[in-house]
A.B. asks: 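Got a structure here, written out as structure tokens. Questions coming.
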Amino acid sequence: MWHGSTRAILLGASLMTSAIVTGSAPNVLFVVSDDLRPEMGMYGGNAITPAFDKFATLPGTVVFDRAYVQQAICCPTRSSFLLGRRPDTTKVWDLKTQFRISGGKDWVTLPQFFRKNGYYTAGMGKVFHPVEYEGKIDDVAGGSWTAPYFHAQGTQGSNMTMCWTVNPAPDGEFVDMMLAAHAVETLKNVSKLSVPFFVAVGYHRPHLPWDVPAHFYDLYPEDSIELADHNRIPTGYNVTGAQPWSWDPESGPRHCGPLKQEGTTMTEYALVPDNLAKKFRRGYYAAVSQTDHNFGILLDALDAFGLNSTTIVAFVGDHGWQLGDLGEFGKKTNFERATRAPFIIRDPRHKVPAGRSSALIEFVDLMPTLIDLAGFTVPTTCPEDSRLVALCVEGASLSPVLHNPNQTEDWKAAAFMQYAHCMHDEGFWHDGCSDPAEPKVMGYAIRTRRWRYIEWVGFNKTTTPPTIHWDAVFGTELYDHTDDDTVANVAESANVVAVAANAATVKQLSGMLHRGWRATQ
């Protein structure tokens, strides 16, 4: 159970007993990786990731083990955590909507906040999802960046012929490797500035295609790759009608390689064949190792340019990804593997050993956290209609958790997330929310310490905030993560929403879901 008084006490304690050394404003290095689930070694994953593993042990680092995105797809999640506002506020539920058009044209983004407060801001790669505003992408027209935005023009790394490519080309020809090199040059240049910096680096991998240098594939012999456990549809999945709204087993690899070549000869709910599943898993692991290598290059640069002790480093994956888990390949669900993602922050001014936190946190907490750590006042909570409010947030600063990672397990009672049904398998069986009236059905999920509960309900996006028709329920799901709060696939291998013994739990969780995040903030 969440205890509001505990959170208030910890907040006060963190402000009074902070171990952060006062002085000049800290720099911020923000790194985001596309489609990265917690597959790194320090999360217990299968990928070989020495740089991430080392980063997790550095003084001042906190690894968050229960961090959840607000929607498991690129544009909605990035719009959300780069504004500190949830998808129903940004009105970004698909891959084509720009938040300044759907939400508020004067909204202040995370990098823009730092720019407005005297920081030099530089961005590169995929930070914002590439949708246009006033003819430009990357929120260039919105005012987030001081420096000209950078995109690497590599000749390698984007081969969609197959989902995976064991590519023998030299490292320097790959987009993400070139991006890392540019980031190093940027850090070298900003180290000479008289003002602090906010540098954002957006790596493209392990998003499809898994076209990475061959030596990363060499780390994973083909005969060493195993299938996901519990790699079939959850038992009882459709007991209340949830399956047609939430099941999306081929959403990722449908867009490249053999599944794309087959077109729609595979049925809508067909599982990826086991032989392909192993190739996909190997490709994903190799791409994660490439991202680890490129992240390590940034850490080395901080040391080389004397920035290590003055630079806050925040690393996130923009959402998770399913690699055959529960039969799913891709991200477009409300399951644990799709909504839980890496979230790591290091404040080198905090002179304590590295730690881990099992607190339930949300990606909307990122913006207020970095603002707080930099010494600025945390923006106020957004009103229900914040279209005309330039700066506000719908998350909380994690500064108290960073100072007490082992004592803040009850930080939040729950994490909230959602997914629009119309985004499933866009271009194949669904329209990718291209109908102006879409989304008409939204899946809302709540994750507590023990349970994940989901309702697929009627939805009207035209009002502000959107109208949620809680009385028009198309399907429900309940998954038991047990008293041990397991993140293993077994927890969601059975939908237990119709089990009579869980009726009181369903009623309680449904009430929490309907009351929403404001009731637990």
A.B. asks: List in chain and number order the residues that pass side-chain hydrogen bond (donor to acceptor under 3.5 Å, both in side chains) with Trp164, two or more places apart in sequence or in another chain; answer none if no residue qualifies.
C.D. replies: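 Partners of Trp164 under the side-chain hydrogen bond (donor to acceptor under 3.5 Å, both in side chains) test: none.
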A.B. asks: Would you be so kind as to tabulate the donor-acceptor pairs closer than 3.5 Å made by side chains of residues 488-504, with sequence neighbours excluded?
C.D. replies:
residue : atom : partner : partner atom : Å
Asn489  : OD1  : Arg337  : NE           : 2.9
Asn489  : ND2  : Asp229  : O            : 3.1
Asn489  : ND2  : Asp229  : OD1          : 2.9
Asn489  : ND2  : Asp325  : OD1          : 2.8
Glu492  : OE1  : Glu336  : N            : 3.0
Glu492  : OE2  : Glu336  : N            : 3.4
Glu492  : OE2  : Arg452  : NE           : 2.8
Glu492  : OE2  : His481  : NE2          : 2.9
Ser493  : OG   : Val490  : O            : 2.7
Asn495  : OD1  : Leu478  : N            : 2.8
Asn495  : OD1  : Val497  : N            : 3.2
Asn495  : ND2  : Gly236  : O            : 3.1
Asn495  : ND2  : Tyr237  : O            : 3.2
Asn495  : ND2  : Thr476  : O            : 3.4
Asn502  : ND2  : Val496  : O            : 3.0

A.B. asks: Closer than 4.0 angstrom, basic N to acidic O: yes or no for Asp176 and Arg205?
C.D. replies: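 Salt bridge absent between Asp176 and Arg205.
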A.B. asks: Nearest 0.5 Å, please: how far is CG in Leu366 from CZ in Phe81?
C.D. replies: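 If we round to the nearest 0.5 Å, Phe81:CZ and Leu366:CG are 7.0 Å apart.
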A.B. asks: Measure from the ring center of Phe335 to the ring center of Tyr479 and say whether it is less than 6.0 Å.
C.D. replies: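 Here the rings of Tyr479 and Phe335 have centres that are less than 6.0 Å from each other.
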A.B. asks: Verify whether one side chain among Thr109 and Ser144 offers a donor that lies under 3.5 Å from an acceptor in the other.
C.D. replies: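 Yes, side-chain donor-acceptor contact under 3.5 Å.
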A.B. asks: Name all pairs fulfilling the salt bridge (Lys or Arg N to Asp or Glu O under 4.0 Å) condition that reach into residues 502-511, sequence neighbours left out, sorted by first residue then second.
C.D. replies: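 Not a single pair qualifies under salt bridge (Lys or Arg N to Asp or Glu O under 4.0 Å).
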A.B. asks: Between Trp245 and Phe474, does the ring centre distance come in under 6.0 Å?
C.D. replies: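 Ring centres of Phe474 and Trp245 closer than 6.0 Å.
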A.B. asks: Can you list the residues that meet the ring-ring contact (aromatic ring centres under 6.0 Å, His included) rule with Tyr133, with sequence neighbours excluded?
C.D. replies: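 ring-ring contact (aromatic ring centres under 6.0 Å, His included) check on Tyr133 returns nothing, list empty.
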A.B. asks: Between Thr486 and Asp484, is there a side-chain donor-acceptor contact under 3.5 Å, judged purely by atom types and distance?
C.D. replies: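 No.
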A.B. asks: CD1 of Ile344 to CE of Met42: how many Å apart, nearest 0.5 Å?
C.D. replies: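 Answer for the CD1-CE pair, Ile344 versus Met42, is 3.5 Å.
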A.B. asks: So does Asp292 pair up with Lys54, basic N to acidic O under 4.0 Å?
C.D. replies: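 Here Asp292 does not pair with Lys54 in a salt bridge, since their nearest N and O are not under 4.0 Å apart.
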A.B. asks: Looking at residues at least two apart in the chain, or sitting in another chain, which of them share a side-chain hydrogen bond (donor to acceptor under 3.5 Å, both in side chains) with Lys91?
C.D. replies: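 With sequence neighbours excluded, Lys91 shows a side-chain hydrogen bond (donor to acceptor under 3.5 Å, both in side chains) to Thr464, given in chain and number order.
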A.B. asks: Is the distance between the ring centroids of Phe315 and Phe295 under 6.0 Å?
C.D. replies: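 Yes.
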A.B. asks: Are His151 and Asp138 close enough that a side-chain donor and a side-chain acceptor fall under 3.5 Å?
C.D. replies: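 Indeed, the side chains of His151 and Asp138 share at least one donor-acceptor pair under 3.5 Å.
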A.B. asks: Whether the Glu394 and Thr89 side chains hold a donor-acceptor pair (N or O, under 3.5 Å, no angle test) is what I'd like checked.
C.D. replies: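 Short answer, yes.
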A.B. asks: Report the C-alpha distance between Asp94 and Lys96 in whole Å, list the side-chain angles of each, state the deciding distance to 0.1 Å, and finish with yes or no for salt bridge (Lys or Arg N to Asp or Glu O under 4.0 Å).
C.D. replies: CA-CA 6 Å; Asp94 57 32; Lys96 63 183 182 298; 3.0 Å; yes
A.B. asks: Could I get the full list of disulfide (SG to SG under 2.5 Å) partners for Cys163, not counting sequence neighbours?
C.D. replies: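 Disulfide (SG to SG under 2.5 Å) check on Cys163 returns Cys256.
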A.B. asks: Taking all non-hydrogen atoms of both residues, which atom of Leu179 and which atom of Ala152 are closest, and how far apart?
C.D. replies: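 Looks like N-CB, 4.1 Å.
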A.B. asks: For the residue pair Thr462 and Asn460, confirm or rule out a side-chain donor-acceptor distance under 3.5 Å.
C.D. replies: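 There is such a pair between these side chains.
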A.B. asks: Could you tell me whether Glu226 atom CD has more than 12 heavy atoms of other residues or ligands within 6.0 Å of it?
C.D. replies: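 12 or below, so no.
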A.B. asks: Using the ring centroid of each side chain, check whether Tyr217 and Trp210 are separated by less than 6.0 Å.
C.D. replies: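 Between Trp210 and Tyr217, which both carry aromatic rings, the centre distance is not below 6.0 Å.
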A.B. asks: Side chains of His293 and Ser289: any donor to acceptor distance under 3.5 Å?
C.D. replies: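 Side chains of Ser289 and His293: no pair found under 3.5 Å.
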A.B. asks: Taking the six-membered ring for Trp, are Phe459 and Trp93 closer than 6.0 Å centroid to centroid?
C.D. replies: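 Yes, ring centres under 6.0 Å apart.
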A.B. asks: So that I can tick it off, tell me whether Asp365 and Lys412 are bridged by a salt bridge, with the cut-off set at under 4.0 angstrom between side-chain N and carboxylate O.
C.D. replies: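 Answer for the salt bridge query: yes.
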A.B. asks: With a 4.5 Å limit on heavy-atom distance, are the side chains of Lys461 and Glu438 in contact?
C.D. replies: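 SC-SC contact between Lys461 and Glu438 ruled out.
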A.B. asks: Between Arg78 and Asp34, does at least one N-O distance fall below 4.0 Å, as a salt bridge requires?
C.D. replies: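 Salt bridge: yes.
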